Amino acid sequence: QVQLVESGGGSVQAGGSLRLSCATSRSIFSSNTMGWFRQASGKQRELVAGISSQTKTNYADSVKGRFTISRDNAKNTVHLQMNSLKPEDTAVYYCAAGPFLRLTVVNFWGQGTQVTVSS
C-alpha cells in the first residue's frame, strides 16, 4: 500500500523537543530517500532534512545541530528528532519520499502534522 503516515506533532515550549515519525511501506522505504519538509504560515515549503536509503543525511542550515533524521529499517519508519526547538520551527511538517537525497523530486507526500513552538 502506498502511504506515508505521520505522527508526533504537537505543541511545546521553546527549548523543548519533539520526535516526528513517518511510517511507510517496505517498497517505498527501501528504494527512496525519506525526508521532511515544513511550511510555515504564509511561507514556502522548505526541505528540513533527508536521509537516503544508504543513510546519507542532508539538513537545512537552520536545523543543523538541533534536528536528527534517522531510519528504522525494522519498522519502515523515518524519524525526525527535534531538539532545542525555536518558535521559528513552528510549521506544518510533511513527510516525503523521492529518489534523490535533496528531494528535488518527491513522489509521495504525507498529510502533514502541526508543530507549534511557543516562546
Side-chain angles (χ1 to χ4, degrees):
Q1 183 176 349
V2 177
Q3 63 175 18
L4 305 178
V5 181
E6 303 170 0
S7 62
S11 298
V12 297
Q13 295 186 65
S17 298
L18 285 172
R19 188 174 77 158
L20 305 183
S21 299
C22 176
T24 187
S25 67
R26 185 188 305 274
S27 60
I28 292 174
F29 188 83
S30 65
S31 60
N32 283 281
T33 289
M34 305 294 299
W36 295 89
F37 288 77
R38 68 186 181 188
Q39 187 167 28
S41 181
K43 296 188 176 181
Q44 292 188 333
R45 186 172 297 185
E46 64 174 345
L47 179 64
V48 177
I51 182 166
S52 74
S53 60
Q54 306 301 317
T55 69
K56 185 175 179 65
T57 58
N58 179 52
Y59 297 94
D61 288 342
S62 60
V63 307
K64 285 180 180 177
R66 300 188 297 120
F67 292 9
T68 302
I69 190 167
S70 61
R71 300 173 71 108
D72 185 336
N73 292 333
K75 296 182 178 181
N76 300 319
T77 298
V78 62
H79 302 287
L80 185 68
Q81 179 66 45
M82 304 186 294
N83 298 327
S84 302
L85 282 161
K86 304 174 180 180
E88 52 261 45
D89 295 317
T90 295
V92 178
Y93 284 70
Y94 298 90
C95 187
F100 308 122
L101 178 61
R102 292 180 173 83
L103 286 166
T104 52
V105 174
V106 174
N107 293 317
F108 306 97
W109 290 98
Q111 291 286 89
T113 185
Q114 178 71 46
V115 170
T116 301
V117 184
S118 60
S119 61

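By convention here, the first residue in the shown sequence is residue 1. Because the structure is predicted, anything quoted here is derived from the model rather than measured.
- Put simply, the side chain of R71 gets close to the backbone of S52: a donor and an acceptor are under 3.5 Å apart.
- Residue pairs meeting the disulfide (SG to SG under 2.5 Å) criterion with at least one partner in residues 86-119, sequence neighbours excluded, are C22-C95.
- Considering CG of N58 and CZ of F100, their distance stands at 14.0 Å, rounded to 0.5 Å.
- Counting heavy-atom neighbours within 6.0 Å of Q111 CD, excluding the residue itself, gives a total of 12 or less.
- Atom OG of S119 sits about 9.0 Å away from atom CD of Q13, to the nearest 0.5 Å.
- At least one donor-acceptor pair closer than 3.5 Å links the side chain of T24 to the backbone N or O of Q3.
- With contacts defined as side-chain heavy-atom distances shorter than 4.5 Å, the pair V117/E88 does not qualify.
- Taken together through direct or relayed side-chain contacts under 4.5 Å among Ile, Leu, Val, Met, Phe, Trp and Tyr, V92 and V12 form parts of separate hydrophobic clusters.
- Taking the side chain as every heavy atom from C-beta outward, Y93 and E6 never approach each other to under 4.5 Å.
- Heavy-atom minimum distance, W36 versus L47: O-CD1, 3.5 Å.
- Looking at every heavy atom in both residues, G35 comes nearest to L103 through CA-CD1, 3.7 Å.
- Contacts classified as disulfide (SG to SG under 2.5 Å) and involving residues 37-91 (residues at least two apart or in different chains) are not found.
- The shortest side-chain heavy-atom distance between P99 and N107 falls under the 4.5 Å cut-off.
- A donor-acceptor pair under 3.5 Å links the side-chain atoms of Y59 to the main chain of I69, judged by distance alone.
- Contact of the M34 side chain with the I28 side chain is registered, since non-hydrogen atoms from C-beta on lie closer than 4.5 Å.
- The salt bridge (Lys or Arg N to Asp or Glu O under 4.0 Å) contacts involving residues 41-56 comprise R38-E46, where partners must be two or more places apart or lie in separate chains.
- The distance from atom NE2 of H79 to atom CD1 of I51, rounded to the nearest 0.5 Å, is 10.5 Å.
- Taken from OG in S118 to CG in L85, the straight-line distance is 10.5 Å, to the nearest 0.5 Å.
- Taking CD from Q44 and CD from Q39, the interatomic distance works out to 8.5 Å, rounded to the nearest 0.5 Å.
- Closest heavy-atom contact between L4 and A97: CD1-N, 4.2 Å.
- Here the closest heavy-atom approach between residue S27 and residue S30 is recorded as O-OG, 3.5 Å.
- Looking at D72, its side chain does come within 3.5 Å of a backbone N or O of A74 through a donor-acceptor pair.
- L20 approaches V115 most closely through the heavy-atom pair CD2-CG2, 4.0 Å.
- For V63 against V48, the heavy-atom pair with the smallest separation is CG2-O, 3.6 Å.
- One distance of note links CD of Q81 with CG of L18; it measures 8.5 Å at 0.5 Å rounding.
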| task | Show your reasoning for whether salt bridge (charged side-chain N to carboxylate O under 4.0 Å, His left out) applies to K64 and D61. | result | CA-CA 5 Å; K64 285 180 180 177; D61 288 342; 3.1 Å; yes

